[in-house]
Amino acid sequence: MNPWTRGVAAATAALAAVLPPAGCAVHAEHRSRPTADGTTVHTVDPAAVPGTTAVTRVEQDATRRLYAAYPRIPGADPLTRRLAAAVGEAIRHFAADTADSAPLPGGGTPELNVQWSLTAASDQVVGVRLVTWQFLGSSGGESRQTFWYDVATRAVHASADLVNGRDGLGALAEHVRDRLGSRANPAQVRADAQTFPSLAFNEAGDLVAEFSDYTVAPGSAGRVAVAVDRAAHDPMLSAFGRRARDAALTVRPHPALMSGDPASRPSPPRVDCARAKCVALTFDDGPSAYTREMLRAFAVHRARATFFVVGDNAAADPGLLRQAATAGHEIGNHTQSHRDLTRLPTMQINSDVQRTQDVLRGALGWCPTLLRPPYGATNSTVAGVAKSLDLVQVLWNVDSQDWREREAKAVADRVVRQARPGAVILLHDGHKPTADAMPDVLKRLAGQGYTFVTVTELMGGRTVPLGGQYSG
């Protein structure tokens, strides 16, 4: 049995039933929730693949906002490189489109967001779906790509490789044109690979072809996708496509996020920051491949921090969340997809925040009480959702802008220079120079008499109303 097989088998062997604590909202696991929409792509909990971590890119200033993430899956380096290239291309296009500092039509700050999910995860085939959303004022929308990885040959396949050559593409295009309906233009569906960048399977095993906005329909049509039932699509599939379908439909126990004991809730504040020289180091967008390295640095210096995690990334490594919480660090909610919440309707804001609460409850045994809205963007609607979910919004009063730096020393120098008693310092644990800078930051600030505390400890006896804001 190869390491991949052993890892997947170990992760999927155990089941655990976890009762939620009182006061913590309970929702069914969103990845496996039944749906009436036949074009919903089947996804796999990333915890099914041990060692999966998220790679993130972030920018947030007055000129543009960028969050992009993709998975790094052990033993699948060619897939990681392909995903990195796809994300890099999206970022380059976005940077070119926003190079002009002129105000956007309709106002607002340009935003790029790349999310990922697993469409299959077996010892034979892995599928990764990227959804890229951008806001450019009067223009913008979503694009979708799904990549498929052959574990045996270490080859990365585009979605079009699921069907059998030109004949398969022709048959697929014909079926899709017949099923598009009035929202789209069937003439835009051509029998070529570029037309089908995202092919996957739904829970029933139907082949789902989904299209990027503006490719086969106007942007106002929203997401356009067609499900082709198994009997119709089976003759179209290539040999690899059949293996991919089998991998997507492999019946596996739901991975036990609670395979160990739940982490204890954070203890009450142990430091009186009215007397001590306190600073709260806060890290957004993880967990990442560098988070464990940072936890080791904090352990050496007996320091605590607060990690505001993205739900999609947190779901990939629940054990890391438990490790951080057990070590005394605080875990906060940074939403599921890292979208600017002020651009979303109330129902979507609620879903984005609640889904991450569900992930964290499953990993930790309790729900966080802190929410950091992505980019610090908030309004009365966001505050109302936070209040309804018993959350306090946490912003910051020191922005390290660590994502701009390529050297650890530059990150450390900037953090140490800006630190002050009572500061809530914004950092990002998915940025390697930041991880490399932490030992130096901790040593230098400790030498200045600082105590490193969680946000809750820094708040001390202050009463912040639910839905309200705290920034240090």
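No experiment lies behind these values; they were computed from the predicted model shown.
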Residue pair [X] / [Y], side-chain heavy-atom distance below 4.5 Å:
X: Val41; Y: Phe201; result: no
X: Val455; Y: Thr282; result: yes
X: Trp403; Y: Arg57; result: no
X: Val464; Y: Gln469; result: no
X: Val394; Y: Leu371; result: no
X: Thr43; Y: Leu118; result: no
X: Arg223; Y: Thr39; result: yes
X: Leu427; Y: Leu281; result: yes

For Ser143, all residues meeting side chain to side chain contact (heavy atoms under 4.5 Å, CB included), sequence neighbours excluded = Thr132, Ser212
Sorted by chain and number, sequence neighbours left out, side chain to side chain contact (heavy atoms under 4.5 Å, CB included) with Val131 holds for Arg129, Glu142, Arg144
Check side-chain hydrogen bond (donor to acceptor under 3.5 Å, both in side chains) between Asp97 and all other residues, then give those that pass, not counting sequence neighbours.
-> none
In chain order, what residues pass the side-chain hydrogen bond (donor to acceptor under 3.5 Å, both in side chains) check against Asp402, with sequence neighbours excluded?
-> Ser400, His428, Thr434
Give a yes or no on whether the backbone of [Y] and the side-chain of [X] come within a donor-acceptor separation of less than 3.5 Å.
X: Trp148; Y: Val128; value: no
X: Gln357; Y: Asn333; value: no
X: Thr454; Y: Thr306; value: no
X: Asp45; Y: Ala48; value: no
X: Ser159; Y: Thr146; value: yes
X: Thr98; Y: Phe94; value: yes
X: Lys277; Y: Arg420; value: no
X: Asn113; Y: Ala68; value: no
X: Gln418; Y: Val415; value: no
X: Glu111; Y: Asp340; value: yes

What is the distance from atom [atom1] of [X] to atom [atom2] of [Y], rounded to the nearest 0.5 Å?
X: Thr56; Y: Leu66; atom1: OG1; atom2: CG; value: 10.5 Å
X: Leu136; Y: Leu112; atom1: CG; atom2: CG; value: 8.5 Å
X: Leu389; Y: Asn350; atom1: CG; atom2: CG; value: 5.0 Å
X: Arg417; Y: Arg444; atom1: CZ; atom2: CZ; value: 9.5 Å
X: Gln115; Y: Asp312; atom1: CD; atom2: CG; value: 6.0 Å
X: Arg361; Y: Thr356; atom1: CZ; atom2: OG1; value: 13.0 Å

Minimum-distance pair of heavy atoms, taken over all atoms of [X] and [Y]:
X: Tyr149; Y: Gly75; value: OH-O, 3.6 Å
X: Ala386; Y: Gly467; value: CB-CA, 3.9 Å
X: Ala54; Y: Pro287; value: CB-O, 4.0 Å

Between [X] and [Y], do the side chains contain an N or O donor and an N or O acceptor separated by less than 3.5 Å?
X: Gln401; Y: Asp61; result: no
X: Gln348; Y: Asp352; result: no
X: Gln145; Y: Ser198; result: no
X: Thr335; Y: Arg355; result: no
X: Arg64; Y: Thr109; result: no
X: Ser471; Y: Asn397; result: no

Just do the side-chain hydrogen bond (donor to acceptor under 3.5 Å, both in side chains) check on Thr342 and Asn379 with the steps written out, would you?
-> CA-CA 6 Å; Thr342 64; Asn379 57 19; 4.9 Å; no
For Gln188, does the CD atom sit with more than 12 other heavy atoms under 6.0 Å from it, leaving out its own atoms?
-> yes
Answer yes when [X] and [Y] have at least one side-chain N-carboxylate O distance shorter than 4.0 Å, and no when they do not.
X: Arg404; Y: Glu59; result: no
X: Asp317; Y: Arg322; result: no
X: Arg275; Y: Asp272; result: yes
X: Asp436; Y: Lys432; result: yes
X: Glu330; Y: Arg304; result: no

For Trp366 and Leu360, run side chain to side chain contact (heavy atoms under 4.5 Å, CB included): C-alpha distance rounded to whole Å, both residues' side-chain angles, the deciding distance at 0.1 Å, then the answer.
-> CA-CA 7 Å; Trp366 45 267; Leu360 298 182; over 6 Å; no
Give a yes or no on whether the ring-centroid distance for Tyr290 and His431 is below 6.0 angstrom.
-> no
Scan for disulfide (SG to SG under 2.5 Å) pairs involving residues 270-304, sequence neighbours excluded, and state none if there are none.
-> Cys273-Cys278
Do the numbers put Arg339 on top of the ring of Trp133, so that NZ or CZ is under 6.0 Å from the six-membered ring centre and no more than 45° off the axis?
-> yes
Ring pair (Phe, Tyr, Trp, His ring centres under 6.0 Å) contacts touching residues 294-321 (sequence neighbours left out) | Phe283-Phe298, Phe283-Phe307, Phe298-His329, Phe307-His329
